[in-house]
Amino acid sequence: MAFKCIKPNHNNLSFNSIFHRCKSMAEFKQAHARLVVKGLYHPPPSLRPVISFSALHPSGDIDYALLLLLRTSVPPTVFPFNTVIRGLARSLRSDSLSNSVLVLARMAEIDLSPNNYTYTFLFQVCAKFFASNLGQQFHAMVIKRCFQVDVCVCNSIIQFYSVCGKLDNARKLFDESTQRDVVSWNSMINGYVRNGEILEALWVFEKMPERNEVSWNSLIGGLVRFGYLDEAHRLFDEMPKRNVVTWVVIISGYSQNGQPREALVLFREMQLLDLKPNCPILVSVLSACAQLGALDNGNWIHSYIRKNSIKMDSILSAALIDMYAKCGNINLAMQVFGSSQEKDISTYTASISGLAYNGYNEESLRLFEQMKSAGITPDHISYLAVLCACSHMGCVEKGFHYFNSMVDVHQIKPELDHYTCMVDLLGRAGLLEEAERFIHTMPIAPDNVIWGALLSACRTHGNVEMGERVGNFLIESDQDHDGRYVLLSNIYAVSSKGDHVEKIQRTMRRRRIKRVPGCSSIEVDGVVHEFVAGDRSHDKTDEIYLVWEEMVREIKKFGYAPETRGVVFDVEEEEKETVVSYHSEKLAISYGFISKEPGSVLRIVKNIRICSDCHSAIKLVSKVFKRKIVVRDRRRFHHFEGGFCSCKDYW
DNA sequence: CTAGGGTTAG
């Protein structure tokens, strides 16, 4: 023993310590380059830390790892080869698949047999790139060589098959496997969930000998994904021990499935249990606030983030910006934008579209230009925001300018959404023929949404001929969509074909199409109050109606005349004025007058678009009662002040 | 000295 110490391997020690001191890829490369340039012999084992760092560290360089592994004589042990395949499995680059095959081939060249780790990483790569055939070949290799797989390899094969949609193969392996643990069961649940077989997933869940949080979370996540939110909530209640992922799944589930109130309720439950929300939860809750237009709640989240010094990443700041913008408070949104540290494309996009639907069209376009100057390449979503701004401005020329630059400068292939935006742009501007021609010359097939945009433009500009044609086509091809019937009958109602309205109503009744009722909400002291037209369910109904009638008397002195033309549905003639008089946004505003502090801004959120009667009434209310009123409808904001609206009556 | 399953916006 003492003998060996006489000649220690100085080289090896010193080179190892050189590399071990390195903290970044650049330092590794510099150190390595110095050795190579000086022609100093560096023993292969010392390269191991370089390979590990290059392959696995977030700031590493997988190509460098591959280079060292394939072109130098690293010691022929399986470890560095496994490390590189592991790194390839982590990377998102499309050549990872072929590179992992290259590594495997090199192993065969130098007679290195893959071990369990090698196979685990290989199946990870195949799962990530949905390399169904290659993975199957690896599986065959495992079988043919009588390789003794351990439970991890077995599970990674199950996982591989299930993400590739080969559920039968996964199930066969699972059934035949002698080593099954909770991960195997969970992978099967996930496989079924991923492939839409929620009943199978449920069956597996019920048969499991033991479950952990992941089992519960996977099933709950599956139920959420397929819209079975009540079932998901039931399991959530039954769950013996929840973790933070459980909360993410259920809260984001509600938030993304159009049930933002439930998301907020669960978030409050978390607060009561003194549980710390993580970033994804905060993002989901902010999105719920954005959907509801619940500014008080959103403000509270913002101060919670500040108080607890939660790290703001770009997603969280985008969510905050989006929340403020969708609550109609563009100033706060832009404040968050201004103070966010790392502005990436999502931060910009949230601000660009926020400005656009709040009526700050020029500012929106300016920010888009600013983003490009900052060296951020616009993507298809930021272009969507810009086109939307042009459409709100009614600026056809600018819209086409951006549409063309999207294709020519940034090589982004327009998707249906972009085409819809262009049809909307042309249609709003009254260029109906051009809009229809545009649809016919699109390189992809138009969907019902695009025709819907055209139909809506026909209604705005009273084009009965085109409206009748498009509308009748739409109520046949998309029979369940209530809005199309409404638009078409509105078009008939103001034309000489008033008698056709009756026909449309009969068709709707026959097909049992229910209209989605118009619904408006207002937040008071953190509670969101909801109203539908003619609603009498609120505690303060009497007062609300009294106040609105009083306000109508006042604005009539300033020239308000109720319009009933838009009301053609489900009501008898004499009811029309009553219904339009108590549209949901009017009730919500009236409640705001009663319950909010005098002079405070009233913020209303409406689920469908505002009608022109409400629009002119609210303009006058804002003038006569000197009150700022912000109405968010399905498409955009209307900021009412002093008798004017930010949309300049173009909406 | 390495490994397998669940969550994240615009």
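Naming convention: chains lettered A, B, ... in sequence-line order (proteins, then strands); numbering from 1 in each chain.
Here dA3(B) is the nucleotide among dG6(B), dG10(B), dA3(B) with the atom lying nearest to any side-chain atom of Q124(A). Side-chain proximity of F121(A) to the nucleotides dG10(B), dT7(B), dA3(B) is greatest for dA3(B). Here the side chain of A350(A) is nearest to one of dG6(B), dG10(B), dT2(B), namely dG10(B). In the set dG6(B), dA3(B), dG10(B), dA3(B) carries the atom at the smallest distance from any side-chain atom of N116(A).
A donor-acceptor contact under 3.5 angstrom links the side chains of S287(A) and Q291(A), judged on distance only. Looking at S54(A) and D61(A), their side chains never bring a donor and an acceptor atom within 3.5 Å of each other.
Aromatic ring centroids of F79(A) and Y117(A) lie 6.0 Å or more apart. Between F205(A) and W185(A), the distance separating the two ring centers is not shorter than 6.0 angstrom. Here W203(A) and Y192(A) keep their ring centres 6.0 angstrom or further from each other.
Backbone-only engagement by D322(A) is indicated by non-hydrogen atom pairs under 4.0 Å involving sugar-phosphate atoms exclusively. V151(A) comes within 4.0 angstrom of a nucleotide base, judged by non-hydrogen atoms across all strands.
Of the residues in residues 267-292 of chain A, those with a non-hydrogen atom less than 4.0 angstrom from any atom of DNA chain B are P280(A), V283(A).
At a threshold of 4.0 Å, the pair E369(A)-R366(A) does not count as salt-bridged, since none of the basic side-chain nitrogens sits closer than that to a carboxylate oxygen.
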